[in-house]
Amino acid sequence: MINSIGLNRSGSVWSGDGKQCRNEQKSKKEAVCMKRSCVADVLANDSSKVLVKGWVHNINCVGKIAFVHLRDRTGIIQIVADESMVRDLRLEMSIEVTGNRVVNGKAPSGVEIHAEAVRILGTVYYDMLPFGINRKRINASLDTQLDHRTVSLRPARSRAIFRVQQEIEEAFRSYFREHGFTQIHTPKIISSATEGGSEMFTVDFFGRRAFLAQSPQFYKQMMVGAGFERVFEIGHAYRAELHNTWRHLSEYVSMDVEMGFIESYEDLMDIEEGYINYLFRHLKSACAAELEMFGVSLPDSVEIPRLPLAEAQRIVLEKYGRRSPLSGLDAEGEKLFSEYMKNEYGTDFVFLTKYPASKRPMYTMPDPENPELTQSFDLIYKGLEITTGSQRIHDYEMLKSNMEKFGLDPENFRFYLDSFRYGMPPHGGFAIGLERITMKLLDLDNIREATLFPRDIKRLEP
RNA sequence: GGCCCGGUAGUUCAGUCGGUUAGAACGCUAGCCUGUCACGCUAGAGGCCGAGGGUUCGAGUCCCUUCCGGGUCGCCA
């Protein structure tokens, strides 16, 4: 049943001739008493009269009959109303609608609401939306979308990325807790560089020079030594590097792991491989709809090949004629090598091991067979490095002399080094870039899509 | 930061050899249309061509500077 009701700017309901009429008063009263239903519930559950709240996703008038698509966090439903009832609606207003739930094959989702009353809850103040968001894809550049983040996140597809990201984090937390790890939070304002120093943000800390942590490295190692044995942290890391690429952020979420009493760095790869398998199982049940939205199907189990970096470099050179830098593979090399692994072994993942000592931080354990190399690894996923890890040096004297070998003054790392004087066990760890794994899992083109408010060399707002 | 490419309507883009009043699609506004779902039809509004300087009778178009964006390298998750 469709009534002729107009709306004034303040959002109250009036009849067409300006007199508030009894029926509408009644339905407004009902709206106040009724409990709000989410769109997904209305679609799923059989109930005659409903109250829904959400945003105006689309308005489409055919003669005197109006089709308004209302979007809330759970979905989109079609509202059918008289054209006069929705005359004052504009896209993206927040509204509430009371009406009758009707099963109708002609409705996009099979169910629609025949409106009795429409009320504006939150009006809009724009001449023009910055870009359309009610089509299959947003037709605006990523940069434009990021400038208007509260608009670009509105389509379900945009928000689905962060639902998946939440579950990646959730799986990380539950997997490592199940394996005896303790979640920690370490300081982000720190006094010294962990691995270099040039790429850190400086902070004025009450007149002293401080830095934003580029990694929780020192502190997570110290917590292994402090008796936790196994720790993990999910927190921001900061990099002041002067690059602007699809895979870099100045502020990103690092999922860090550090594990004591290991036999070798193989233990670290074992546990990370376990996490990847756990994660995929978790996502398949927790995010089935989101994965489908992105056309992603995950394997039931993943076995990750491990091979030395030098071997990968040789393959990239021999198969693709591309020379690699000493430090590893460049972006193109990582892509080519991932292609090779996909074709030869049918896997999206590969552990590259034994990076050269000169290209790894001073705390990395050298390879006993070749001191030029290290007990280290990267995890490459779909052509992108998503993890760096290694066994660490746990002997005080060895660590101290390695610092000197790297041209660093051990005095500058006193607080870190001192913690190695009290029986530090053999240990190691790794970190997974949360936005990177999210991006690759959903086959996104740019890491900024997997970040609510990305920070990069050019972007400090919003 | 180095190198390469770009910046034209709200958005995404076209714009020939430097030459009249700068175009399209979507979006927006008004009107018509009772089952739309990329609705349809008619009309309309919307531009300091990123900014600044230069060459020229004349610059969206050529040159310089600068800002912004895309790619890439070193580095990294």
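The sequence lines fix the lettering, A, B, ..., with proteins before strands; numbering per chain opens at 1. Treat the numbers as computed from the prediction; the structure is a model and nothing was measured.
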Which listed nucleotide ([options]) is nearest to the side chain of [X]?
X: Ala140(A); options: U11(B), U36(B), A77(B); result: U11(B)
X: Pro108(A); options: C39(B), G27(B), C37(B); result: C37(B)
X: Arg239(A); options: U11(B), U34(B), A77(B); result: A77(B)
X: Thr144(A); options: G27(B), U36(B), U11(B); result: U11(B)
X: Lys359(A); options: G71(B), C75(B), C33(B); result: C75(B)
X: Asp330(A); options: C37(B), G74(B), C76(B); result: G74(B)

Checking all strands, does [X] fall into the base, sugar-phosphate, or nothing category for heavy-atom contacts under 4.0 angstrom?
X: Leu249(A); result: base
X: Ile386(A); result: sugar-phosphate
X: Asn104(A); result: base
X: Lys458(A); result: sugar-phosphate
X: Leu91(A); result: sugar-phosphate
X: Asp143(A); result: sugar-phosphate
X: Ala107(A); result: base
X: Pro130(A); result: sugar-phosphate

Could you state the atom-to-atom distance from [atom1] of [X] to [atom2] of [N] in whole Å?
X: Ile276(A); N: A77(B); atom1: CD1; atom2: C1'; answer: 13 Å
X: Arg247(A); N: C75(B); atom1: CZ; atom2: P; answer: 11 Å
X: Asn134(A); N: G10(B); atom1: CG; atom2: P; answer: 19 Å
X: Asp456(A); N: G70(B); atom1: CG; atom2: P; answer: 8 Å
X: Asn446(A); N: G69(B); atom1: CG; atom2: P; answer: 12 Å
X: Trp246(A); N: C73(B); atom1: CH2; atom2: P; answer: 10 Å
X: Asp147(A); N: G50(B); atom1: CG; atom2: C1'; answer: 14 Å
X: His248(A); N: G1(B); atom1: NE2; atom2: P; answer: 16 Å

**Report entry** Residue pair Val111(A) / Val42(A): nearest heavy atoms and the distance that separates them
**Finding:**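 Heavy atoms of Val111(A) and Val42(A) come nearest at CG1-O, 4.2 Å.
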Look at [X] and [N] and indicate whether a side-chain polar atom (N or O) is within less than 4.0 Å of OP1 or OP2.
X: Ser254(A); N: A77(B); value: no
X: Ser141(A); N: G69(B); value: no
X: Lys106(A); N: C37(B); value: no
X: Arg135(A); N: G27(B); value: yes
X: Asn244(A); N: G70(B); value: yes

Report task. Please work out whether the ring planes of Phe232(A) and Phe176(A) are parallel, tilted or perpendicular, with thresholds of 30° and 60°. Result ->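 Ring orientation of Phe232(A) relative to Phe176(A): tilted.
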Could you check whether any side-chain N or O of [X] sits under 3.5 Å from a backbone N or O of [Y], counting only pairs where one atom can act as donor and the other as acceptor?
X: Thr387(A); Y: Leu379(A); value: no
X: Arg459(A); Y: Pro454(A); value: no
X: Glu290(A); Y: Arg163(A); value: no

Pick the [atom1] atom in [N] and in [M], then give their distance to the nearest Å.
N: C17(B); M: U12(B); atom1: P; result: 26 Å
N: C4(B); M: U42(B); atom1: P; result: 49 Å
N: G60(B); M: A14(B); atom1: C1'; result: 12 Å
N: C39(B); M: C26(B); atom1: P; result: 11 Å
N: U61(B); M: A9(B); atom1: P; result: 15 Å
N: C13(B); M: U20(B); atom1: C1'; result: 25 Å
N: C48(B); M: U36(B); atom1: P; result: 40 Å
N: G6(B); M: C63(B); atom1: P; result: 11 Å

Looking at [N], which nucleotide sits across from it as a Watson-Crick or G-U wobble partner, both distances under 3.5 angstrom, or is there none?
N: G46(B); result: none
N: A25(B); result: U11(B)
N: G1(B); result: C73(B)
N: C37(B); result: none
N: U65(B); result: A51(B)
N: G19(B); result: C57(B)

[X] (side chain) and [N] (base): donor-acceptor pair under 3.5 Å:
X: Arg436(A); N: C76(B); value: yes
X: Glu112(A); N: G35(B); value: yes
X: Gln78(A); N: U36(B); value: yes

Query - Ring centers of Phe172(A), Tyr275(A) separated by less than 6.0 Å - result: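 Ring centroids of Phe172(A) and Tyr275(A) are less than 6.0 Å from each other.
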**Report entry** Ring-base stacking, Phe67(A) with G35(B) (5.5 Å, 30° cut-offs)
**Finding:**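 Base of G35(B): not stacked against Phe67(A).
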Query - Syn or anti for C17(B) (syn when the glycosidic angle lies within 90° of 0) - result: syn
Query raised in the report: Just checking, any donor-acceptor pair under 3.5 angstrom between side chains of His282(A) and Glu167(A)?
Result: yes
Query raised in the report: Could you go step by step and tell me if Val151(A) and Phe131(A) meet the side-chain contact (heavy atoms from CB on, under 4.5 Å) rule?
Result: CA-CA 8 Å; Val151(A) 177; Phe131(A) 40 82; 3.9 Å; yes
Requested in this report: Would you mind telling me which residue lines up with the more 5' stretch of RNA chain B, Asn139(A) or Glu334(A), judged by nearest nucleotide?
Outcome: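 Its nucleotide being nearer the 5' end, the pick is Asn139(A).
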Requested in this report: Select from Asp127(A) and Asn60(A) the residue whose nearest nucleotide in RNA chain B is closer to the 5' end of that strand.
Outcome: Asp127(A)
Query raised in the report: Within 45 degrees of the axis of the six-membered ring of Tyr126(A) and under 6.0 Å from its centre: does Arg90(A) put its NZ or CZ there?
Result: yes
Requested in this report: May I ask you to check if Arg360(A) and Tyr355(A) form a cation-pi contact, with NZ or CZ under 6.0 angstrom from the six-membered ring centre and within 45° of the axis?
Outcome: yes
